Amino acid sequence: MNSGPLLSVNDLRVTFTRHGEKPFTAVDGVSFDVHAGQTVGLVGESGCGKSVTSLAIMGLLPDRGNRVEGEATYEGVDLIGLSKNEMRDRRGRDIAMIFQDPLSSLNPVIPIGLQVTEVMERHRGMSRKEAMPQAQELLERVGIPDPKARLKNYPHQLSGGMRQRALIAMALACAPRLLIADEPTTALDVTIQAQILALLKELVQDTGTALIMITHDLGVVAGLCDEVNVLYGGRIVERGERHDLFARPRHPYTHGLLASIPRLDVPRGAKLTPVPGSVSDNLPWASACAFAPRCSHVIDVCRDKTPEWEIEHGGRGLRCHNPVEVEHE
């Protein structure tokens with residue numbers, strides 16, 4: 001693994017503005033690094049800023065109604081400062097993204113084969129005749145049966161799992177060094193989920209591609225990610241190596257997410273412990289801890305002072321006034 005990160009996100013902020021309404025900060029000072037061959041997870045409930053972070057990195061947010069600040073440095077180049085054309089040249093070639101809903105991400109009136117070859121024609125200067133055999137190889141590589149016949153199929157003729165595999169094939173067409181997967185298994189049944197996750201893990205191991213996995217499912221994180229970033233209210237509240245974070249969740253939000261997952265080692269019929277409230281029950285980060293209204297460990301200072309980002313012994317990153325104390329087993 002190289003000494004420096006492949007992608008370094010530093011103090012990324014995304015603010016949405018609508019005429020006549022107060023600006024809303026969806027991503028509020030997010031920073032993290034991704035190294036080659038590493039899988040980094042961005043975890044949290046819907047509305048915590050995970051997908052907006054990825055769209056800002058990819059330059060896919062709409063031109064109007066938002067402001068993106070901070071840095072997302074890929075191999076020494078700040079992606080945030082690139083023009084539309086410069087970013088378009090990098091998307092698909094250097095950085096690729098797998099979206100959450102394959103049916104809406106694929107063009108319904110163009111065969112799968114042409115959608116895969118288009119990427120290679122655009123970024124690798126190949127003719128369609130040259131690209132089509134490679135498209136067939138890509139479909140075979142991601143586990144689509146009878147790939148030669150599937151090249152002529154339209155998206156609606158494929159199952160949900162095969163559509164998601166086709167999206168992965170498109171993302172891999174130019175062998176990008178960084179792959180961003182935004183909830184890639186949400187709409188799939190558990191059997192297909194496991195197959196897709198195994199495929200992504202295999203790709204990272206075989207090619208050295210770096211992967212950012214965006215998910216709300218801690219089960220996905222447990223089997224795939226090397227490092228985990230837990231987001232709440234647009235900020236990272238805890239960061240740690242996967243095994244350590246699962247064994248010793250320090251932030252009450254991380255602890256609550258883990259406590260709400262069904263487990264096999266508890267008595268049958270035992271009740272889950274969900275995180276109370278919703279993501280809309282927030283305080284402003286500027287003057288408090290946003291999680292305070294939902295927190296089981298809240299103390300007075302949580303409502304009056306912003307918790308600072310601190311690096312604990314062992315490299316664990318934490319933003320909390322009153323963290324959970326968990327002993328090693």
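Computed from heavy atoms alone, side chains included, the values below leave out hydrogens, waters and symmetry copies. All of these numbers come straight from a predicted model, not from anything done at the bench.
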CA sep, side-chain torsions, deciding dist, call: Asp244, Arg316, salt bridge (Lys or Arg N to Asp or Glu O under 4.0 Å): CA-CA 9 Å; Asp244 184 38; Arg316 176 75 66 88; 2.9 Å; yes
Exactly one candidate in Thr215, Thr39, Leu257 meets side chain to side chain contact (heavy atoms under 4.5 Å, CB included) with Val221; the answer is Thr215
Whether Gln38 side chain and His35 backbone form a donor-acceptor pair below 3.5 Å: yes
Just by distance, with hydrogens left out, do Arg124 and Gln134 show a side-chain donor and acceptor under 3.5 Å apart? yes
Does a side-chain heavy-atom distance below 4.5 Å link Phe24 with Thr15? no
Taking all non-hydrogen atoms of both residues, which atom of Arg88 and which atom of Arg122 are closest, and how far apart? CG-NH2, 3.9 Å
Can any side-chain N or O of Arg163 pair as donor or acceptor with the backbone N or O of Pro155 at less than 3.5 Å? yes
Give the intermediate values and the outcome of side-chain contact (heavy atoms from CB on, under 4.5 Å) for residues Leu114 and Val116. CA-CA 5 Å; Leu114 293 185; Val116 179; over 6 Å; no
Side-chain heavy atoms nearer than 4.5 Å, only ILVMFWY residues, links allowed to pass through others: does that put Phe99 and Leu200 together? no
Using the rule side chain to side chain donor-acceptor pair (under 3.5 Å), only one of Thr306, Thr25, Asp28 pairs with Arg235; which is it? Asp28
Please report the C-alpha distance between Arg67 and Glu69 in whole Å, then the side-chain angles of each, then the deciding distance to 0.1 Å, and finally whether the salt bridge (Lys or Arg N to Asp or Glu O under 4.0 Å) criterion is met. CA-CA 7 Å; Arg67 184 174 72 251; Glu69 301 170 289; 3.5 Å; yes
Check the surroundings of atom CG in Asp300: do more than 12 heavy atoms from other residues, nucleotides or ligands lie under 6.0 Å from it? no
Are Val237 and Val52 in one and the same hydrophobic cluster, where Ile, Leu, Val, Met, Phe, Trp and Tyr link if side-chain heavy atoms are under 4.5 Å apart? no
Can you find a heavy atom in the side chain of Leu60 that is under 4.5 Å from one in the side chain of Arg91? yes
To the nearest 0.5 angstrom, please state how far the CD atom of Gln164 sits from the CG atom of Asp101. 8.5 Å
Looking only at heavy atoms, the pair that brings Pro252 and Cys320 closest together is CD-SG, 3.6 Å
Can a side-chain donor-acceptor contact be found between Gln115 and Tyr154 if the only test is distance below 3.5 angstrom? no
Does Val14 reach the side chain of Leu61, with side-chain heavy atoms less than 4.5 Å apart? yes
For Val27 versus Leu12, what's the shortest heavy-atom pair and its separation? CG1-O, 3.3 Å
Check: Asp94 main-chain N/O paired with Arg177 side-chain donor or acceptor under 3.5 Å: no
Determine, stepwise, if the pair Met120 / Glu118 fulfils side-chain contact (heavy atoms from CB on, under 4.5 Å). CA-CA 5 Å; Met120 292 183 274; Glu118 183 181 35; over 6 Å; no
Does any N or O in the side chain of Glu71 come within less than 3.5 Å of the main-chain N or O of Ile80, such that one atom is a donor and the other an acceptor? no
For Asp11 and Ser31, does a side-chain donor sit closer than 3.5 Å to a side-chain acceptor? no
Would you find a donor on one side and an acceptor on the other, under 3.5 Å apart, between the side chain of Arg93 and the backbone of His123? no
Against Tyr232, only a single residue in His251, Arg294, Arg319 fulfils side chain to side chain donor-acceptor pair (under 3.5 Å); can you say which? Arg294
Quick check on Glu140: does its CD atom have over 12 non-hydrogen neighbours (other residues, nucleotides or ligands) under 6.0 Å away? no
If Ile, Leu, Val, Met, Phe, Trp and Tyr residues are connected whenever their side-chain heavy atoms lie under 4.5 Å apart, and connections chain through other members, are Ile214 and Ile236 in the same group? yes
Are Leu258 and Val220 linked, directly or through intermediate hydrophobic residues, by side-chain heavy-atom contacts shorter than 4.5 Å (ILVMFWY only)? no
Hphob cluster co-occupancy, Val30 + Trp285, side-chain heavy atoms under 4.5 angstrom: no
Any chance you could measure Leu139, atom CG, to Met170, atom CE, to the nearest 0.5 Å? 10.5 Å
Does a side-chain heavy-atom distance below 4.5 Å link Met213 with Leu42? no
In the structure I gave you, are the side-chain heavy atoms of Val324 and His255 within less than 4.5 Å of one another anywhere? yes
Without swapping roles, check the side chain of Lys50 against the backbone of Gly44 for a donor-acceptor pair under 3.5 Å. yes
Of the non-hydrogen atoms in Val275 and Gly256, which two are nearest, and what is the gap between them? CG2-C, 3.5 Å
Side-chain heavy-atom pair Thr73, Leu79 within 4.5 angstrom cut-off: no
Take Ser54 and Met97 through the test side-chain contact (heavy atoms from CB on, under 4.5 Å) and record every step on the way to the result. CA-CA 9 Å; Ser54 66; Met97 190 164 180; 3.2 Å; yes
Got Leu172 and Leu138 here, is their nearest side-chain heavy-atom distance under 4.5 Å? yes
Cut-off 3.5 Å, side chains only: do Gln157 and Arg150 have a donor facing an acceptor? no
Which atom of Ala288 lies closest to which atom of Asp304, heavy atoms considered: CB-N, 4.4 Å
Do Ser8 and Asp33 get their side chains close enough for a donor-acceptor pair, meaning under 3.5 Å? yes
Look at the side chain of Trp309 and the backbone N and O of Gly317, then say whether any donor-acceptor pair between them is shorter than 3.5 Å. no
Non-hydrogen side-chain atoms of Leu203 and Leu211 separated by less than 4.5 Å: no
May I have the step-by-step check of side-chain contact (heavy atoms from CB on, under 4.5 Å) for Leu7 and Ile212, ending in yes or no? CA-CA 10 Å; Leu7 175 74; Ile212 299 176; 3.8 Å; yes
Between Arg250 and Glu312, the two heavy atoms sitting closest are NH2-OE2, 2.7 Å
Give a yes or no answer on whether the side chain of His297 reaches the backbone of His321 with a donor-acceptor pair at less than 3.5 Å. no
Judged by atom type as modelled, is there a donor-acceptor pair below 3.5 Å linking the side chain of Glu86 to the main-chain atoms of Ser83? yes
